[in-house]
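A short worksheet on the structure shown next.
Below, each value reflects all heavy atoms present in this structure, side chains not excepted, and no hydrogens, waters or symmetry copies. Since the model is a prediction, treat every value here as computed from it, not as a measurement.
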Amino acid sequence: MPGFELFGDLERAQVNDVLESGVLMRYGFDGARNGHWKAVELEQAISERMATKYTQLVSSGTSALTVALASANVGAGDEVIMPTFTFVASFESIIALGAVPVLVDIDDTLTLDPVKVEKAITPKTKVIMPVHMCGSMARLKELKALCDKYGLLLLEDACQAIGGSYDGKPLGSYGDLGCFSFDYVKTITCGEGGALITNNEKFAKNADHFSDHGHDHLGKDRGADEHPFMGYNYRISELNAAVGLAQIKRLDDFLSIQEKNYSTIRSAIENIPGVQMRTVPEKGVENYSFLSFFMPDEQTARVVHKKLGESGVDGCFYWFDNNWHYIKKWHHLKDLKSLGKLPEELRNGLPDYNTMDTSQSDHWLGRTISVLIKLGWSEQEVQDRAKKMADTISSITAQVANK
C-alpha cells in the first residue's frame, strides 16, 4: 500500500517544523514547540475525515488494536472473534491483554462470515473484530446486527482499508471502535504509527490515558498528572505525526489514483472465463489498494500466480501460503509459544487451532490472488500491466478448460 510512493515536499515541511522546534514528544514542552502540535493536529484531521468525535494516535496499528480493546475493558479470558485471514497483529493485540482470540472462517468477502460468527458466540464473547483486508470490508450490517442481538462491541480493524466506506460511513466509523495503521507500507504513512477512532467518550478517555502510562492529561504539568488506572507506553512521536499530517491531506488524491488504476486492470480481467471477483458488500466502496479475485481452484490459482510473476507482474500475492496472513502457518499461535508465562484464562480458553476445520476459509483463500495497486504507475504502465495480466490469465484458464 503506497503512501510512501509519493513522499515529498509536504511531508518534509511538516517534519522540518518539528526539527526546528526540537520538541519530538507529543506531550509537554509547551513553550519550546513554537505552537506546533502535530499529533493533536493529525488527530483532529482524522476525526474530521472519518466523521467521528474522537481520535487517539498511537505508535502503530498493533498498538491501536491493543489500546482499543483495553479502552473497552477487554481483559483476561474475554473472547474476541476475528477472521482466519488477517495479519498476526490482530491476535497479538488480543493476547497482549490476556484475552482469547476466537478465529472464524471467511467467506467470499475475504473477511468474517456472519453465519459462522454467530455460531462462535459464547457467554465469554465480548467483541466481534472484522478485519477489512486488502482494501475492502466485511459484511458490517450483518455483524452489527449480531452485536446488537448479543450485546457485543464491534471493533473494525481497518488497517488495510483507510478511505473505504460502507453505507456512506468511512470504514472504522461504522462500529463502536475503528483502528488504522500508518506504517511504511499502508495507504497513508507516518513511517510508524496508528490510530483508533470512536464516538464513545468513555472509550476515548480510556484510550488517551492507557496509551500514556495512565496519565489523565489534566492541566499542563505532566509531573502532576493523576493516574486513574495503569497504562503502557503506546505514544506516537511528533516526527511520525508530522509525516501523517501531510499524508492525510493527500488521502483522497491517493484514493482517486488507486481507483483509476484498479478500474483499468479490473476491466481487463473480470470477464475472463474462470475469474470471479472478490465480493464487496452492497453499499460498500473499496479503497482500491488491492485487486483481489478467485480462480476456479487452488491448483489454477497457484499456476496463475507463478506465471504472473514470471511475466513481470510484480506485487502479486498468494495469501494461502503466507506466513503472516493466514492461520495455516500460525504455529506460534496454535502452540502458544511465548517468552513468558501466559495467563491461565488464555491458555485454558484458546481453542485447539491445530485441529480446527478451516475448509471453508481454505476454499476461498486457496483460490485467491491479490494484486497491489500502485500510485506511481504511468498510464501506459497500467495499460501494459492490464494486458499482460489478461493474456496470462486467459492462456492458463483456456488450457484448464481444454483438459
Sequence neighbours excluded, which residues qualify as ring-ring contact (aromatic ring centres under 6.0 Å, His included) partners of W324? F87
Just by distance, do the side chain of S395 and the backbone of D391 share a donor-acceptor pair under 3.5 Å? no
What I want to check is whether the side chains of E92 and T62 have a donor and an acceptor closer together than 3.5 Å. no
Considering only heavy atoms from C-beta outward, does the side chain of D362 approach that of K328 to under 4.5 Å? no
Could you check whether any side-chain N or O of E238 sits under 3.5 Å from a backbone N or O of L24, counting only pairs where one atom can act as donor and the other as acceptor? no
So, K144 and D167, do they make that salt bridge, N to O below 4.0 Å? no
So, applying ring-ring contact (aromatic ring centres under 6.0 Å, His included) with W364, which one of W319, Y326, F294 is it? F294
Hydrogens and angles aside, do Q56 and Y234 bring a side-chain donor and acceptor to less than 3.5 Å of each other? no
Kindly check if the number of other-residue, nucleotide or ligand heavy atoms within 6.0 Å of NZ (K205) is above 12? no
Below 4.0 angstrom, N of the basic side chain to O of the carboxylate: do K374 and D314 qualify? yes
Donor-acceptor contact below 3.5 Å, side chain Y353 vs main chain L103: yes
Less than 4.5 Å apart, any side-chain heavy atom of S47 and any of T55? yes
Run the numbers on E43 and R26 for salt bridge (charged side-chain N to carboxylate O under 4.0 Å, His left out), then give the verdict. CA-CA 12 Å; E43 286 171 342; R26 72 159 295 174; 2.8 Å; yes
Would you indicate whether E226, at its atom CD, is surrounded by more than 12 heavy atoms from other residues, nucleotides or ligands within a distance under 6.0 Å? no
Apply the test salt bridge (charged side-chain N to carboxylate O under 4.0 Å, His left out) to residues D384 and K388: give CA-CA distance (whole Å), side-chain angles for both, the deciding distance (0.1 Å), then the verdict. CA-CA 6 Å; D384 292 346; K388 193 174 293 185; over 6 Å; no
R250 side chain vs L6 backbone, donor-acceptor pair below 3.5 Å: yes
Do D105 and S361 get their side chains close enough for a donor-acceptor pair, meaning under 3.5 Å? yes
Checking the side chain of S60 only, and the main-chain atoms of G194 only, is there a donor and an acceptor separated by less than 3.5 Å? no
Indicate the ring-plane relationship of H215 and H213, choosing parallel, tilted or perpendicular according to the 30° and 60° boundaries. perpendicular
Over 12 foreign heavy atoms within 6.0 Å of CZ, F29: no
Quick one: list whatever passes ring-ring contact (aromatic ring centres under 6.0 Å, His included) with Y232, sequence neighbours left out. F210
Using distance alone, with no hydrogens and no angle criterion, decide if E20 and N34 have a side-chain donor and acceptor under 3.5 Å apart. no
Taking atom CD of Q276 as the centre, does the number of heavy atoms from other residues, nucleotides or ligands within less than 6.0 Å exceed 12? yes
Backbone N or O of H209 within a donor-acceptor pair of the H217 side chain at under 3.5 Å? no
Pair R12-D9, salt bridge (charged side-chain N to carboxylate O under 4.0 Å, His left out): steps then yes or no: CA-CA 5 Å; R12 292 186 186 93; D9 291 341; 3.4 Å; yes
Hydrogens and angles aside, do N287 and S289 bring a side-chain donor and acceptor to less than 3.5 Å of each other? yes
One pair to check against salt bridge (charged side-chain N to carboxylate O under 4.0 Å, His left out): D252 and R49. What are the steps and the verdict? CA-CA 10 Å; D252 290 324; R49 178 59 177 80; 2.8 Å; yes
N-O pairing of D321 and K329 below 4.0 Å: no
Looking at Y166, is K141 sitting on its ring face, NZ or CZ under 6.0 Å from the six-membered ring centre and within 45 degrees of the normal? no
If we count only N and O atoms by modelled type, under 3.5 Å, do the side chains of S292 and S370 hold a donor and an acceptor together? yes
Under a 3.5 Å distance rule, please check whether D113 uses its side chain to pair with a backbone N or O of V115 as donor and acceptor. yes
Within a 6.0 Å radius of atom NZ on K307, are there more than 12 heavy atoms belonging to other residues, nucleotides or ligands? no
Any donor-acceptor pair under 3.5 Å linking the side chain of E298 with the backbone of G366? no
Between K186 (side chain only) and G193 (backbone N and O only), is there a donor and an acceptor less than 3.5 Å apart? no
Just by modelled atom types, is the A68 backbone N or O under 3.5 Å from a matching donor or acceptor in the S71 side chain? yes
Any side-chain heavy atom of E11 within less than 4.5 Å of one from T189? no
Does E310 have more than 12 heavy atoms from other residues, nucleotides or ligands lying within 6.0 Å of its CD? yes
Hey, which of R139, R278, R367 is the one that makes salt bridge (Lys or Arg N to Asp or Glu O under 4.0 Å) with D108? R139
